[in-house]
Structures are given as structure tokens and as C-alpha cells.
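Encoded as C-alpha cells, the structure appears first; notes follow it.
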Amino acid sequence: MKISHIEHLGIAVESIEKALPYYEEVLGLKCYNIEVVEDQKVKTAFLKVGETKIELLEPTSPDSTIAKFIEKRGAGVHHVAFAIEDGVANALAFAEEKGVRLIDKAPRKGAEGLNIAFLHPKSTLGVLTELCEK
Ligand code: ZN
């Protein structure tokens, strides 16, 4: 698979409203989009850091995977997303061939209309890994 850069870092927060002052006022980044992704039960806020983004993830329901993550491990880095140049479907097939456990067998729509798919952290040394393409 061909990775061009880190597309974004996903960071779990209890509240976007409470997290934004740190990112905007201390780090000086700018939030340019807030979006609810219904099927993942999260509200997302995006900030740009060069070509890479920070994606803040706030659970919208107690049974959201983000709510469970915060409950278990606390707020913090949740996943790393790589921008794939030669297609998420290709990258998934390649990863599976290499013995990596997939969370998504096929690409699906994520925030910002990207095609996304996740690799299981049990197969990626503990780092939940997202593959995405425009
Ligand atoms: Zn993400």
C-alpha cells in the first residue's frame, strides 16, 4: 500500500466544547468543521496542522465506541489515520493477505466524506489504525 502522509490523528475527548479552548487558544490551531457522524455515534471537530488534521471525537451516546474507550482508558489519542494513495480497498486486501485483522472488510464513508476502514489494534501493536482516501 502507498501512504502519502498522516491524514489525521483521532483524539477522544469528553466534550469538544471543553477541549477546543486548549487546541485553539493554547496551540493556536483553528477548528474549521464540526460534524456528527451518526453511524459511529460521535461528534467530530477538525483542526488543521499543516497537511495533517486533528480529529476530536466526542461520544454522542453512552454505547458509542468512543464512550467505551474513554471509560476504559481515559481521554487521549484514539487512532492514527493514514492517507492511502492507491485505494483503501486495495490496502485492506493487502493488509489481510499479510495476516492483519480487519475491523472493516470494505471501505465505508467517514467524516468529511472520506472512504475509510479500520485495522484492528490487536494486529497493529496496539494502535487503532485508520486507512482513508478522498
Ligand atoms: Zn479518524
Side-chain angles (χ1 to χ4, degrees):
M1 72 177 85
K2 260 198 181 153
I3 291 174
S4 58
H5 62 285
I6 292 178
E7 215 282 333
H8 63 269
L9 285 179
I11 298 176
V13 297
E14 279 167 28
S15 153
I16 283 173
E17 194 192 332
K18 285 183 186 155
L20 275 181
Y22 167 68
Y23 286 94
E24 296 198 303
E25 287 157 33
V26 180
L27 298 184
L29 303 174
K30 181 129 186 54
C31 173
Y32 66 90
N33 187 27
I34 291 183
E35 185 183 337
V36 173
V37 184
E38 296 288 353
D39 71 327
Q40 288 180 61
K41 296 175 181 161
V42 291
K43 186 169 154 189
T44 61
F46 285 92
L47 304 100
K48 275 213 166 94
V49 190
E51 210 182 338
T52 300
K53 299 159 195 162
I54 301 279
E55 174 186 39
L56 301 178
L57 300 153
E58 173 191 318
T60 55
S61 151
D63 64 341
S64 151
T65 56
I66 297 300
K68 287 174 192 153
F69 176 88
I70 292 173
E71 204 179 287
K72 246 167 107 179
R73 303 171 67 168
V77 176
H78 176 261
H79 65 271
V80 177
F82 294 106
I84 307 293
E85 282 186 334
D86 53 347
V88 170
N90 275 340
L92 279 177
F94 181 74
E96 191 168 37
E97 194 185 294
K98 292 284 183 191
V100 173
R101 195 168 140 197
L102 311 181
I103 291 177
D104 300 297
K105 295 272 176 203
R108 56 186 165 93
K109 283 276 174 233
E112 299 198 303
L114 296 176
N115 285 325
I116 64 158
F118 284 93
L119 305 181
H120 200 285
K122 285 231 160 81
S123 290
T124 56
L125 305 147
V127 179
L128 177 60
T129 300
E130 179 180 353
L131 309 174
C132 50
E133 70 184 328
K134 282 210 171 109

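Just follow the structure's listing: the first ligand is 1, and inside any ligand the first atom is 1.
- Around the CZ atom of R73, the shell of radius 6.0 Å holds no more than 12 heavy atoms that belong to other residues, nucleotides or ligands.
- When every heavy atom of L102 is checked against every heavy atom of A95, the shortest pair comes out as CD2-CB, 4.2 Å.
- Between L92 and L119, some side-chain heavy-atom pair lies under the 4.5 Å cut-off.
- For the Zn ion (ligand 1), the set of protein N/O/S atoms nearer than 2.8 Å consists of H8 NE2, E55 OE1, H79 NE2, E130 OE1, ordered by chain and number.
- The residue from L128, T124, L9 that alone fulfils the side chain to side chain contact (heavy atoms under 4.5 Å, CB included) condition with V80 is L9.
- The aromatic rings of F69 and H78 stand perpendicular to each other, their planes meeting at an angle above 60°, with 30° marking the opposite boundary.
- The shortest side-chain heavy-atom distance between E55 and H79 falls under the 4.5 Å cut-off.
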